[in-house]
Student: 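The structure's right below; bear with me while I get my questions together.
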Amino acid sequence: MMRLPRFQYFAPRTLKDAAGLLSHWGPEASLVAGGTDLWPNMKRRQFTPTRVIGLRGVPELHAITGSPSTGMTVGAMISLTALERHDGVAAMWPALAHAARLISTPPLRNMGTLGGNLCLDTRCNYWNQTLEWRKSIDFCLKKAGSICWVATSSPRCWAVSSSDTAPVLCAIGAEVTLLSTEGERRIPVTQLFRDDGIEYLNKRSNEILTAVHLPPNGGEWRASYRKLRRRGSFDFPVLGVAAAARLDRGVVVEARIVLTGVGSRPHEATEAAEALVGKRLDDPAAVATAVERAARLAKPLDNTDFALGWRKEMSRHHVAAAIADLAAAG
Amino acid sequence: MATDLIPLGDPSLRQKVRLELVVNEERRDLVIDGYKSLLELLREELQLTGTKHGCELGECGACAVLLDGQLVLSCLVAAVECDGRSVQTVEGMQNGPTLHPLQSCFADAGAAQCGYCTPGFLLAAKELLERKPDATRAEIAEALSGQLCRCTGYLQIFEAVEAAAAQLRGGR
Amino acid sequence: MSEHRVIGKPLRRVDGRAKVTGQTRFADDLSLPGMLHMKLLRSTLPHARILAVDASRALALPGVKLVLTGADFPIPFGILPVSQDEHALCTDRVRFVGDPVAAVIAVDELTAYEATALIDVRYEPLATIADSEEALATPEPRLHDYGDDGNVHKRIAFDFGDVDGAMAKSERVFEDLAFFSGNTHLPIEQHATLAYVDGDGKLVVASSTQTPHYLHRALAKVLQLRAAHIRVIATPNGGGFGGKSDPFNHEIVAARAALVTGRPVKIALTREEVFYCHRGRHPVLMKVRTGVRKTERGFEIVGQELETLLDGGAYGSYGVASTFYTGALQTVTYRIPHYRFRGCRTFTNKPPCGPKRGHGTPQPRFLLEVHIDKICTALGIDPAAWRIDNAVPPDSLTANWLRVSSTGLVRCIEAVVKASGWNERRGQLRGDGGVARGLGLACSSYLCGAGLPIYWNELPHSGVQLQLDRSGRVTAFSGATEIGQGSDNVLVAIVAEVLGIDPLDVRCVTGDTDLTPVDLGSYSSRVTLMMGNAAIEAAERARLLLAGAVAEKLNVPASRLVFADRRVFDSEAPENGVEFAVAVQLAEAKHGTLGTTGSYRPPKSPGDYKGAGVGPSPAYSYSAAVVEVEVDPATGWLRVPKIWVAHDIGRAINPVLARGQVEGSVYMGLGEALMEEQAYRRLPPKLSGAHVHKFPSLLEYKSPGTLDMPDVETILIEEPDPNGPFGAKEVGQGPLLPIMPAVANAVFDAVGVRIDEVPITPEKIAKALASTSRRYGPTRFPTIAWPEPLVVPTPADGGDGKATNERPRKRELARGAVIAPPVEGKQP
C-alpha cells in the first residue's frame with residue numbers, strides 16, 4: 001500500500017492561527033484543503049512537508065455569500081460538489097458549475113475544494129510519478145533533476161496547468177483573496193498564475209488563498225467551458241477552453257477566451273477574443289479568426305494524454321465549440 | 001540521492017495522534033500513527049477489511065466510504081482529520097442479519113463478480129439513492145463514475161441499483 | 001432443459017453474500033499476530049549488471065528485521081519448464097525498471113519502505129532493447145543466455161499441407177499488416193501474499209494467485225522444501241484475467257522471509273508494482289496473406305500464411321505458449337484448408353508479457369477479422385454472409401489437427417445480424433451534426449481448457465472430492481481458484497444438481513493445496529469444463545452409493561430412483577422416498593464414512609507433431625459481435641453507443657453469471673479497442689539510458705469507467721457440447737475477442753478508413769482521414785530467419801497428424817503413447 005510519509009498535523013481554528021502557523025514553519029509546511037492533490041503527491045514523495053496545516057477547521061472558509069446582483073464570494077474550502085450544486089452559483093455563472101461538474105469523479109468532487117482546484121499543482125507525466133520512477137529517469141527539472149524531459153534544452157519546467165475551474169474563473173473576471181500574517185490582498189484570478197511549471201502561482205509561500213470572488217452577472221454575460229479528456233470521468237483536462245462574452249442586443253461588447261491544459265498557466269487568448277468584439281457570436285468570419293488566433297496559443301507538449309499534434313488540432317475544434325456554446329446560451 | 005527525499009528520524013514526526021470517531025454507529029477512541037489514512041485506520045486499527053484499496057491515490061474508487069454521509073475516498077482522507085466525525089463502511093450497511101436492498105440486489109444481479117470493487121460501489125449507490133431515490137440510469141452511471149470495475153462491464157451493477165431503488169421506494 | 005433444478009437457473013452465486021457484506025477475505029485482508037511487513041527494492045535501471053548490494057544502512061534502521069537479496073535465491077523458476085529464467089530477487093542482472101533486487105522485512109510497511117531507500121546498489125548499466133524489431137537487430141548484449149539466439153526467445157514455423165501449391169492455385173491473394181499494442185489486466189486488487197510457518201513447522205503461503213498448483217511447484221523448487229510440507233492457499237482473487245497466473249517473485253520472497261524470521265510476513269504490492277508484474281498482452285506485429293477462389297456465393301479461402309512477431313519483455317513467462325497461440329487457434333473459426341504459420345518471440349527490457357484474457361489469440365484475431373472485412377469489401381460480399389458460409393463445421397478437424405466438436409458460430413452470427421439490424425443498417429447509418437455512424441462485425445472462437453497441461457504427464461487436470469455428512473450437507477473439495485468468474489458457483493451448482501439438493505447444502509472448499517485435490521488453475525478457460533466434469537463424476541459416484549442403499553431400503557431398483565428436492569424417491573411412486581440426509585445415513589451405515597472422487601483429463605488430440613500440444617481443447621466456444629460507432633470526421637473522435645454480442649456457451653450453468661462474463665469480456669475488449677495501452681518511454685539516449693513504463697498508474701492507464709460503457713445486448717447461444725458438463729463451454733474469454741476488430745470494421749463503415757492498429761484512437765482515425773492511403777497501421781514486417789518449417793499434411797491430405805520432417809523427440813516430452821487414429825475429415 002502507498003503510505004504517506006511521516007508528518008506533523010496542525011488544525012488551526014481561525015485564519016489568523018493558520019497564517020501564523022504557515023509563517024512559522026515556512027517551507028517545511030504545506031497547507032491542505034480537500035487533500036485530493038496534496039496527499040497523492042506526498043504518497044509519491046513529490047513533496048514531503050514535515051508539517052501539514054489543515055484548513056478544514058476554519059469556519060470562514062466554508063461559506064458562500066452574496067447574490068447575482070452584488071457578486072458572490074465562495075470560501076476556499078467549499079467543495080466542488082457544493083459549488084456545482086449551489087443554486088446561486090449555477091444561476092449566475094452556469095459555466096463555473098459545469099466546469100466543476102467535469103472535474104475528476106463524484107467522491108473526489110466531494111472532497112476537493114475550489115481553493116484547492118485553483119492551487120492544483122502543475123501536472124506532467126514525468127512528474128506525477130513515484131519517487132522510484134522519478135529516480136529511474138534521474139528526476140526532472142521540477143524537482144531534484146537538471147533536465148526538463150519534455151523539452152530537454154529548455155531552461156524552464158513545462159508542467160501543465162490542469163485546473164478546470166481556473167480558466168472559467170479567468171474568463172469571467174473572478175478575483176481571489178490571499179491572506180498572510182502581513183495582511184490581505186485581492187487580485188484577479190488571471191494574475192494568480194505564472195507561466196512556469198515550478199513557480200506556477202503568484203501566491204507567496206506564507207499566503208493562504210481564502211476566497212474566490214465571482215463578479216455579478218444579471219444575464220449580460222454568457223460563459224462556457226469545453227473539456228477534452230479520454231474518459232467521461234477521472235481524467236484531468238488535456239485541453240480546456242473557457243469562453244465568456246458580454247452582449248448588447250446580440251453584439252459582443254466584451255469577450256474573453258482562456259485555454260488550459262496547454263501550458264503551465266491558463267492562457268488568455270486576448271487577440272482571439274478581440275476578433276469577436278463588435279460581431280455577433282455566429283459571425284463565421286469572426287469565429288474563424290478567433291479560432292485561428294486562439295489555436296496559435298496552444299503549444300501542447302508530450303507530457304499529458306493524447307498525441308500532441310492531435311491536441312493542437314483539437315484546440316481549434318474546442319475553441320469553436322466553446323464559442324458555439326456561447327451563441328447557443330442565448 | 002533518493003534517500004534525502006524520505007524524511008527519517010525526526011522524533012516529532014513519529015508522534016501518535018488520539019482520535020475519537022464514530023464508525024458504523026459505534027464510538028471509537030483510538031491512538032494511531034499520525035501518517036495513517038482513514039483507509040489504514042479502518043483496515044489496520046479496526047480490522048474492518050471490507051473497505052478495499054486499488055491504488056491509494058484516488059484513482060480507482062475501491063476505498064470509498066461515507067464520511068458524515070458523503071462519499072469520500074478513504075485513501076485520501078488523513079485519519080487525523082476524522083476526529084469527531086462519523087464513518088460508514090460496507091460492514092455497516094446491513095440491518096442486523098438483513099442485507100440492505102442494495103446488497104441483496106448486487107448479490108442477485110451478478111453485480112459482484114470478484115467482489116473487490118463492490119464495497120465502494122455499494123456505498124456510492126447508497127449515497128445516490130439517499131439523495132435521489134428515483135435516479136435514472138444516466139444519474140446512476142454518473143454517480144458511480146468514480147468507481148472502477150474490471151469484471152462486470154457495469155451493466156449488471158446499474159441493474160442492481162435500479163432494482164434496489166425500486167425496493168427502497170416500495171418501502172421494503 | 002426443464003428437468004434441471006439448479007443448472008440454467010439464475011440463482012444467487014454461492015459467494016455473492018460474502019462479497020456484498022465485505023466478508024470475503026482477499027489476501028491483503030489477512031493478518032496474523034506478530035506479522036511483519038515486506039517491501040521490495042526494485043531496479044531503477046532498465047538493464048544492468050548488479051555489482052554490489054549493501055544493506056547495512058537499512059539493517060541499522062530501527063524496526064527492520066531482515067534484508068534479503070539475490071544471493072538468497074540462487075535457484076531460478078518460471079511458469080513453463082522451458083523458461084526457468086526468473087529469480088525471486090535478481091542475482092547478477094536486472095532486466096527492466098521494476099525488477100526486484102532486495103527485500104526489506106520490518107515491523108510495519110512504512111518502515112520497510114523507508115529502509116528500501118537505505119539499500120545501496122551499485123550497477124553497471126547495459127544497453128537496452130525497447131521493442132521486438134530492435135531485439136531482432138541487436139543480438140548483443142543478450143538478455144538471457146538461453147533461447148533460440150541473440151535476443152530471440154523462440155521461433156516456430158509450420159506448414160499444414162501444401163501451402164505454396166494452394167497459394168499458386170488461388171485466384172487472388174490479399175495481404176495485410178497489423179499491430180496490436182500491449183495492454184495489461186489491471187485487476188483492481190493488487191497482488192498480495194501472506195506467508196507464515198504453521199504450528200507444525202510447515203510453510204503456509206496464502207496468496208492472490210490463479211494457479212496455486214504452479215506456485216506450489218515453484219516454492220518447492222526455489223526454497224528446496226519438500227512439496228508435501230508446503231501449503232498454498234489461493235485466496236479469492238480480486239480480479240485476475242491472467243495477471244495472477246505466474247508464480248511471482250514476491251510470493252517466493254515472502255515465503256523465505258517467513259521461514260527465516262519465524263514470523264508471518266505480508267507483502268501487498270502497490271499499483272505501480274502490479275504494472276511491473278504485468279504478464280499482459282504481448283505487443284504483436286502481424287502479417288497475413290490469404291489466397292482465395294471465387295465460389296457461387298462469394299469466395300473461399302484456399303490457403304493462408306500468418307507471421308507474428310511478439311515483444312515478450314524481459315522474461316519467458318508463458319511466452320512460448322503465447323507464441324504458439326498467435327497461430328494455433330486461427331483455423332477453428334473459418335475453413336482454412338492450407339495454413340502456414342510463423343511465430344517469433346523476442347526479449348526486451350520491459351516487464352514480461354504473458355497470458356491476458358484470450359492469451360495470444362486476440363492479436364491475430366484482430367488482424368484476420370479486419371482482413372476478412374477488407375476482402376469482402378474488395379469483392380463486394382456481405383461479410384456476415386461470408387462468415388456464415390465459411391464457418392468451420394461441427395465434428396470436423398482443422399488443417400492443424402484441432403478437433404472441433406460443437407459450434408454455434410452460425411447461430412451467433414445470425415443472432416447479432418438480426419438484433420443489430422445489420423442487413424438494413426450497415427452502410428446506411430447517418431449521424432447527427434456531422435457525426436458519421438457505422439456498424440462492424442467480427443467473430444471468434446476460444447478454448448475450453450488447454451488439452452495439455454504445462455507439465456506433460458498422465459495425471460488428471462482437475463480433481464474433485466466430495467464428503468457427505470449425515471446432516472445432508474455435502475462438502476466439495478477442488479483445487480480450482482475463484483477469481484470472480486464464478487468457479488465456486490459452478491462447482492456447487494453441479495454437485496447440487498446431480499444430488500438433487502439445494503446449492504446452500506453444499507459447502508465448497510477450493511484452491512488449497514493441503515485440503516483440495518489438484519486443479520491446474522484458473523487459466524485457459526478450463527475450469528467450468530474440467531472441474532465441472534470432475535464434479536459430475538464425483539457426484540455421480542456419490543449418487544450411486546446413495547442409490548444402492550436407498551434402493552435396498554425402499555425395495556425398488558436403483559435405476560428408478562430420482563434425486564430431487566432434497567429427497568431420493570421412486571420415479572414411479574414419488575411419495576415413496578427418503579430425505580437426502582436419510583439417504584446419506586443409509587449409505588454410511590452400509591459403506592462406512594462416505595466420500596467420492598472425480599477427475600478429468602481431456603481427450604487425446606489427433607495432432608502428433610512437435611507443437612501440437614498448443615491449441616487442442618475438449619471444446620471450442622464461439623462468439624460474434626456487432627459494434628456500432630459514431631465518428632466525428634472533423635476530429636476523429638470515436639464513440640461506441642451500442643454492442644450486440646452472441647456467445648455460444650454450450651449450456652449456461654447460471655445465465656446471470658454467464659451474461660456477466662460476456663459483458664465483462666466486452667468491456668475489457670472495448671478498453672483494449674479504444675484506449676488501453678501498456679506504453680513505455682525511452683529518454684533521449686544522448687542524455688539518459690532510461691527506459692520506463694510511461695505511466696504505471698490507474699489514472700493514466702485508461703480503463704473505461706461507467707460513463708464510457710455502451711449499452712450491450714447479450715445473446716447466449718446454447719449449442720451443448722458432448723465434452724462439456726451438461727454441455728457447457730467457456731464464457732470468460734471468448735467474447736472479448738471479436739470486439740476490437742468489430743470496432744475497426746465499424747470505423748471503416750462509418751468513415752471509410754482502416755485502422756490496422758489497436759488501440760483505435762481518435763488520433764489514428766484523424767491521421768487516416770487525412771492520409772491518401774485512408775489507413776493507419778504498420779507498413780512493413782521485418783525479415784526473420786525462420787527455421788525450417790515442420791511440414792504436417794492436413795487431414796484432407798490424408799495425413800496422420802505427424803510431421804513428415806520431424807526429428808525424433810525425447811519421449812517424455814512427447815504426447816503420450818496413445819494416439820487417436822486418423823479421423824475421416826469433413827474438411828473441404
Side-chain angles (χ1 to χ4, degrees), chain A residues 1-11 28 32-52 54-57 79 81-82 85 101-112 128 130-136 138-139 143-144 231-235, chain B residues 1-15 17 33-37 39-40 43-44 53-61 63-81 83-85 120 123-124 127-128 131 141-148:
Chain A
M1 177 178 311
M2 301 271 292
R3 290 176 198 265
L4 288 169
R6 301 174 203 275
F7 61 92
Q8 190 180 10
Y9 182 83
F10 297 95
E28 271 185 68
V32 66
T36 59
D37 189 33
L38 181 71
W39 299 134
N41 291 348
M42 283 176 68
K43 285 184 175 183
R44 289 185 291 250
R45 298 331 189 241
Q46 291 165 261
F47 301 107
T48 50
T50 56
R51 321 289 151 178
V52 174
L55 296 176
R56 65 177 308 276
S79 75
T81 300
R85 290 189 191 154
R101 207 172 297 127
L102 294 180
I103 294 170
S104 192
T105 70
L108 287 167
R109 293 198 292 275
N110 289 342
M111 302 162 75
N128 295 98
T130 63
L131 178 70
E132 293 72 26
W133 190 96
R134 285 179 288 122
K135 191 181 176 196
S136 67
D138 201 18
F139 301 97
K143 189 169 183 182
R231 296 178 291 182
S233 59
F234 288 105
D235 298 339
Chain B
M1 269 311 289
T3 314
D4 308 324
L5 302 175
I6 302 180
L8 287 173
D10 180 342
S12 72
L13 301 180
R14 292 182 175 266
Q15 282 169 358
V17 294
D33 285 319
Y35 66 80
K36 290 209 167 186
S37 63
L39 170 72
E40 292 157 68
R43 291 177 54 83
E44 294 164 6
H53 59 97
C55 66
E56 306 92 65
L57 296 169
E59 300 171 352
C60 74
C63 66
V65 299
L66 301 183
L67 179 60
D68 293 333
Q70 273 216 316
L71 189 73
V72 299
L73 301 181
S74 61
C75 73
L76 295 188
V77 176
V80 62
E81 293 200 326
D83 191 38
R85 300 171 86 180
L123 291 159
E127 194 263 358
L128 170 70
R131 196 160 38 83
E142 165 60 32
L144 302 182
S145 66
Q147 325 297 126
L148 280 181

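All figures in this text were calculated on a predicted structure; none of them were measured in a lab. Naming convention: chains lettered A, B, ... in sequence-line order (proteins, then strands); numbering from 1 in each chain. All values below come from the heavy atoms of this structure, side chains included, with hydrogens, waters and symmetry mates left out.
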Student: Quick one: which of L57(B), L148(B), L67(B), D83(B) has the most heavy-atom pairs under 4.5 Å with chain A, could you say?
Tutor: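 Answer, by heavy-atom pair count under 4.5 Å with chain A: L57(B).
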Student: Check whether A78(B) gets within reach of chain A through its side chain, its backbone, both or neither, counting any heavy atom under 4.5 Å.
Tutor: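 Contact with chain A is through both the backbone and side chain of A78(B).
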Student: Dump the intermediate steps for side-chain hydrogen bond (donor to acceptor under 3.5 Å, both in side chains) on N110(A) and T81(A), then the final yes or no.
Tutor: CA-CA 5 Å; N110(A) 289 342; T81(A) 300; 2.6 Å; yes
Student: What residues, two or more places apart in sequence or in another chain, satisfy ring pair (Phe, Tyr, Trp, His ring centres under 6.0 Å) together with F7(A)?
Tutor: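 Scan of F7(A) (ring pair (Phe, Tyr, Trp, His ring centres under 6.0 Å), adjacent residues dropped) gives W39(A).
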Student: Quick check on C75(B) against chain A: is it the side chain, the backbone, both or neither that has a heavy atom closer than 4.5 Å?
Tutor: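 Both backbone and side chain of C75(B) come within 4.5 Å of chain A.
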Student: Looking at M1(A), K43(A), Q8(A), which has the largest count of heavy-atom pairs under 4.5 Å with chain B?
Tutor: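 Looking at each of M1(A), K43(A), Q8(A) in turn, M1(A) comes out on top.
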Student: Rounded to the nearest 0.5 Å, how far apart are CZ of R3(A) and CE of M42(A)?
Tutor: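 With rounding to 0.5 Å, CZ (R3(A)) is 14.5 Å from CE (M42(A)).
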Student: Which region of M111(A), side chain (C-beta onward) or backbone (N, CA, C, O), has a non-hydrogen atom less than 4.5 Å from a non-hydrogen atom of chain B, or is it both or neither?
Tutor: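 When you check distances to chain B, only side chain atoms of M111(A) fall under 4.5 Å.
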Student: For chain A, find which of R85(B), E142(B), E127(B) contributes the most heavy-atom pairs closer than 4.5 angstrom.
Tutor: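 Among the listed options, the one with the most contacts to chain A is R85(B).
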Student: Look only at the side chain of S233(A) and the backbone of S145(B), and say whether a donor-acceptor pair between them is shorter than 3.5 Å.
Tutor: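 Such a contact is found between S233(A) side chain and S145(B) backbone.
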Student: Which answer fits A143(B), side chain, backbone, both or neither, if we ask what part of it has an atom under 4.5 Å from a heavy atom of chain A?
Tutor: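 When you check distances to chain A, only backbone atoms of A143(B) fall under 4.5 Å.
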Student: With only heavy atoms counted, which part of E81(B) is less than 4.5 Å from chain A, the side chain, the backbone, both or neither?
Tutor: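 E81(B) touches chain A through backbone and side-chain heavy atoms alike.
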Student: Taking R109(A) for its side chain and R101(A) for its backbone only, find out whether a donor-acceptor pair lies under 3.5 Å.
Tutor: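 Pair found, side chain donor or acceptor close to backbone of R101(A).
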Student: Which residues satisfy the salt bridge (charged side-chain N to carboxylate O under 4.0 Å, His left out) test with E56(B), sequence neighbours excluded?
Tutor: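 Partners of E56(B) under the salt bridge (charged side-chain N to carboxylate O under 4.0 Å, His left out) test: none.
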